[in-house]
Structure formats: structure tokens, C-alpha cells
Amino acid sequence: MNGPEHTPWPPEVAARYRAAGHWHGRSFGSWLSLLAAAYPERTAVVGRTGETEHRWSFAELDRRAHRLAAGLHGLGVRAGDNVVLQLPNVPEFLPVVLALFRAGARPVFALPAHRDTELRHVAEWSQATAVLTVDTHARYDHGALARATADAVSSVREVIVLDTGAGGSTANTVPLSGLDAEPLELPDPDPEGLAFLQLSGGSTGLPKLIPRTHDDYLYSVRESARICGLRPDSVYLAALPVAHNFPLSSPGVFGALHAGAASVLAPAPDPATAFALVERERVTVTGLVPPLAAAWADAAGRTAHDLSSLEVVLVGGAKCGPELAGRIGPALGCRLQQVFGMAEGLVNYTRLDDPDELVLTTQGRPISPDDEVRVVDPDDPAAPSTAEVEPGRAGALLTRGPYTIRGYYRAAEHNATTFTTDGFYRTGDLVRRTPTGHLEVVGRVKEQVNRGGEKVAPTEVEDHLMAHPDVLDAAVIGVPDTYLGERTCAYVVPRPGGETPAGSVLRRFVRERGVAAFKIPDLIEIVPDFPVTGVGKTSKRELRDALRARATEER
Ligand code: OOB
């Protein structure tokens, strides 16, 4: 853990973004005040907490965020504090996040799927002073998880729990409902300062923290709302876990707020749950990962629910190929918008008026005219950021711009390789650029498995497997999967002279170490050794290529 919290843009670049009108110099708190003044009576958020249905107007959301900010302040939460947030799709998510912004505290957006190792890691790395969570969600006791995190990480002083009536551990925790106090005048945070930390999908080890500022994120929110055609009478359905960058801001619940539109928080993204909400709330727009889009498209033909309000469905997080892309619009009676984004910044959208050819075959083009995109030779890691491959050829995508970070949070060493010296982020994605500036994602150079939008860092899973006493070595790779696009396969070399562990034993072992379920290997193959392709030590990349070739042969 070293290096600065946030690598600022060079002053002359920041001045350019301000002059161009990208950065407004406004914090999220003052943004909400403006929205509440502009749309006081309009519905901002609809959702369910346990058995209770909530429907809050912009004025009510603003009021709650003010009172909660004062309550958090009363508890000792201060400007500059990091607060690990683990909430499912409950309506409280929005007032909580906006209250933290108002208090100048920074939410660290954990996903509901994260477990002990991830929570402990992010709490430690961010030196969080509090964890804010839900009592029980999907039969898992998040109160107990938060308490265990606080016990393990000395910076964490408070555990705050939203009571949904689902039970679970609340010993030594503060009820969220108790943080309700008369609004205070709190100093407005610096718009160019840190607003929150997102978790990276990661390709090496545990997730990195992504520091986003008020100015940079609000720019991407405003432009996303515009590019996705949101209006005050739009209704956005947050089907995916709302703390993820896609349903948060692409255009997401923040984009909906910006447009004066309502956000409906779905407790689960399956067609049965979501279609009922689409019909009841007259949902106009939502965002889905490709496997869900496929499930929705399949289910649409059989449903009795009225989906006619749907206008736009965004699909992204993982590659949506032309075949699936072609099915979505006709099946759901809406326009498809592809989105290729990353929590580090850059977001690409196909535009609503793009020709079908581009919408079906590309993942969109950048939000901003000031997003700089370079497509470079992937085999030359030292390639200067200006040496680009020939037009139309695939290459590694580098980017910098008004809402793309210049460095991860306190990760100087990692930053030195993930960013070029002139500030470009190495996305690790392989893309081809069309003459129109649209990007087609054709692969990846980073060590990552994209499991239907959920990102798995192979080394993280390998480390868990190698902690087992009977495991000598492990290598995790992605193998093609018709539903998820890819799923994980762990190749495991047993320790000589020991027991050969069964796959089910290893899966349970990894689960019990406390990791998100999507990281538990889908397949486990026990192998006597790893194929060696050269002389001496096999590189990870060669190993993966050899295993992938073998997996393909065996299919
Ligand atoms: C989104 O964000 P992250 O941070 O979970 O993951 C980013 C990575 C990208 O670097 C790329 O490898 C992959 O996810 N990805 C796609 C994709 N969208 C994301 N790969 C192929 N096709 C796509 N359409 O996943 C994210 C953030 C904001 C909006 C949408 C997705």
C-alpha cells in the first residue's frame, strides 16, 4: 500500500477540461440540491426494503440525504473518511451514497457477492473507518460479515446496518435508521477531490481501488444520460447490482437522477422479477450483461407481462456478439445500445441514431470528444502511446481523458505498469477501430476471465487454491461457454506424495476461505504437471495458451 490516494490530471489538462465545460466544479451534494429544486415532486427512486415498498420523490431523497449526512457526522464520520459500502438493490442505496458524498466521506463500493477476503482487503487498503451494510441478503448474514471485517481491520470503528427485517447479526452495530438527525451545514467537498472508490475487476491479485472525483464522474453521468436519451419521464430499471459502474452511471441510477427520471431498483435481474417491474413501473430503459440479455430475450416470447414501455436496452460488461445483438431488439421490442465501459473511466456507447450495422457489430464509441484512444501493438509493452497499429487492425487499447483515472488508489508500483508515462491507461482490451471511431472488442491481453460481465483475476483464485495443503500448483484460465461467454477452469497439480484432492473439495475449500461465489472455479481439472512449451520455466502466458489449446482439442 503506497503512493498517492489519487493521481491528479496535470494542471494544464485539468484547465482544458474545465474550459471545455466538461468539469463543472460541482460536488454530488450540490448536484442533488439542484435536482431536488428542479424536480421536487417527481419520483426519484422506487424499491423494496424487506416487505416495505418505497417510492421517494427528489425532495424526499434530498431530505433523507441531508438528515443521514448529519446522522453520519454525529457518529463521527468525517470528510476524507472511507466507508466500505455493501448494499444490495435497496432504495436506501441512493440516500446513503448521497449522504456520504455530502459528509465528504467516500463510499468504497463493494458488491453484494463479496465475502471476507474481498471486504477485508478493501477495508484495509482504504483504511476505512466504517462498514455500512444490510442485515441479511439472499440468505447471507452481511451484518456478521461486516462485524468480522471490523474485527480484523483496526481502522474500522463503526458497523452500520440497514434493518430489512430479514434477521441476521446486529450485535455491536449501529442501525442505519438511527442515523437521522436535523440537517447540518457541512462544508461542500472539493469537486476535484475524491468522491468515491470503485473496485477494479482486476487482473492481478485482489481488486485495486479506483479513485473517482466529483467532477470527472459527474461529466460521465451527464453525457451518459444525454447519449442514452434519458428524459424526465424515463424510468430506469437497475437490474444489475447497483454499486457496479454500469447500473450506477451508464446511464444508470445517477444518469436517471440527472435527467429528473425515476430509478426502479430490482431485487434480482431474472426475467420473472424484472418483467413484473417493467410492466408495473412502465420501465423505459435498463442495462444488462449479455447472458441476462439472452435470458430476457428468450423469456420475452413466453411472458404474459406487458413490456411495451421498454425503449432502450443497454448491453455491456462483456462482449455481446452480433447474433445475440440481433435478437435483443426484436424480442424485447426496443432499441439495443451496446456499451463498453470500465470502472477506471472510458465508456463507449453505440448511439441511438447509429446505423444497425454499427449497433450490432461494435461496442460503441467514446462518450467524449476529449477521450483519447490509441490502438497499439499488444506485443510491444513498451510501445509508445503514439505508435498505433494500421487502421482497421486489432491492437491493445490505451486511453486517457476527462473521466479516466491517471492512477489507482495508493498503488504506485502497479500504476507504473498499468499507465504509460504520459498518462494513458492500459485497458488490457484488444480492439479494432472502425473509420467512424467505433470500437469492436475482439479479445483481451490482460490476465482476466470475464464470466458474463463478472471479472475474475486468475492469480487471485490460484492463490486460494495453492493455500490447500495438497495442491502444488494451480493455473486458472477462461474456457468458452455458450451462456456466460467464458467460465473459469482451474488446472491443479497435486503435491507429490499427498492426497489427490477432489474438485468438489477444492471448490468448498475456496468458498470457505470467503470469496465471491463467482470466483469459485467452474471446472477443476487435476493434471500431473503443466505443459511446458519451451525450455525451463514456462511463462504464465505460454501456459495459458497451451492449456487453452488442450481444452479446445478436448472439446
Ligand atoms: C464494466 O466495467 P468493469 O470495470 O467491471 O470491467 C471493465 C472491463 C473492460 O475493460 C472489458 O474488458 C470488459 O470489462 N467489458 C467489455 C464490454 N464492457 C466491458 N468487453 C467486451 N464488450 C463490452 N461491451 O464492465 C462496465 C462499466 C461501465 C459500463 C459498462 C460496463
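Both counts, for ligands and for their atoms, begin at 1 and track the order of listing.
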(request) State whether the shortest distance between N or O atoms of Val315 and N or O atoms of ligand 1 falls below 3.5 angstrom. (result) no
(request) Check ligand 1 against Asn450 and write out every atom of the ligand that is under 4.0 Å from a heavy-atom position of the residue. (result) 13 (C)
(message) Tell me if the aromatic rings of Phe196 and Phe109 count as close, with their centers under 6.0 Å from one another.
(response) yes
(request) Say whether Phe246, considering both its backbone and side-chain N or O atoms, lies within less than 3.5 Å of an N or O atom on ligand 1. (result) no
(request) For the residue pair Asn82 and Arg106, confirm or rule out a side-chain donor-acceptor distance under 3.5 Å. (result) yes
(request) Between Ala318 and ligand 1, find which residue part has any heavy-atom pair under 4.0 Å and reply side chain, backbone, both or neither. (result) backbone
(request) For Val441, take its heavy atoms, then give the atoms of ligand 1 lying under 4.0 Å from any of them. (result) 21 (C), 22 (N)
(message) Quick test of your reading of the structure: of Gly443, Ser250, Gly287, whose heavy atom lies closest to atom 28 (C) of ligand 1?
(response) Ser250
(message) We want to know whether His258 and Arg226 form a side-chain donor-acceptor pair, criterion being a heavy-atom distance below 3.5 angstrom.
(response) no
(request) With heavy atoms only and a cut-off of under 4.0 Å, state how His244 meets ligand 1: side chain, backbone, both or neither. (result) side chain
(request) List every atom of ligand 1 that sits less than 4.0 Å from any heavy atom of Gly316, numbering the atoms from 1 in the order shown and giving each element. (result) 24 (N)
(message) Is Gln338 close enough to touch ligand 1? Criterion: a residue heavy atom under 4.0 Å from a ligand atom.
(response) no
(message) Aromatic contact between Phe340 and Tyr349, with the criterion being ring centroids under 6.0 Å apart: yes or no?
(response) no
(request) Show your reasoning for whether salt bridge (Lys or Arg N to Asp or Glu O under 4.0 Å) applies to Glu311 and Arg282. (result) CA-CA 10 Å; Glu311 294 170 8; Arg282 306 296 295 158; over 6 Å; no
(message) Under a plain distance cut-off of 3.5 Å, with no hydrogens placed, do Glu344 and Tyr408 share a side-chain donor-acceptor pair?
(response) yes
(message) Is there a polar contact, in the sense of an N or O pair closer than 3.5 Å, between Ala343 and ligand 1?
(response) yes
(request) Would you check the N or O atoms of Thr427, main chain and side chain alike, for any that come under 3.5 Å of an N or O of ligand 1? (result) no
(request) Please work out which of Glu344, Lys446, Met342 has its closest non-hydrogen atom nearest to atom 2 (O) of ligand 1. (result) Met342
(request) Report yes if the distance between the aromatic ring centroids of Trp31 and Phe101 is under 6.0 Å, otherwise no. (result) no
(request) Please could you name the atoms of ligand 1 that Lys319 approaches to less than 4.0 Å, counting only its heavy atoms? (result) 20 (N), 21 (C), 22 (N)
(request) Could you tell me whether the side chains of Asp370 and Ser368 share a donor-acceptor contact shorter than 3.5 Å? (result) no
(request) Enumerate the atoms of ligand 1 whose separation from the nearest heavy atom of Asn245 is less than 4.0 angstrom. (result) 27 (C), 28 (C)
(request) Enter the distance from Phe419:CZ to Arg406:CZ here, rounded to the nearest 0.5 Å. (result) 9.0 Å
(message) Using every non-hydrogen atom in the two residues, find where Gly401 and Asp371 come nearest and quote the distance to one decimal.
(response) CA-OD1, 4.1 Å
(request) Record the part of Arg444 in heavy-atom contact with ligand 1 below 4.0 Å; permitted values are side chain, backbone, both and neither. (result) neither
(message) So if I count the atoms of ligand 1 from 1 in the order they appear, which ones are less than 4.0 Å from some heavy atom of Val339?
(response) 18 (N), 23 (C), 24 (N), 29 (C), 30 (C)
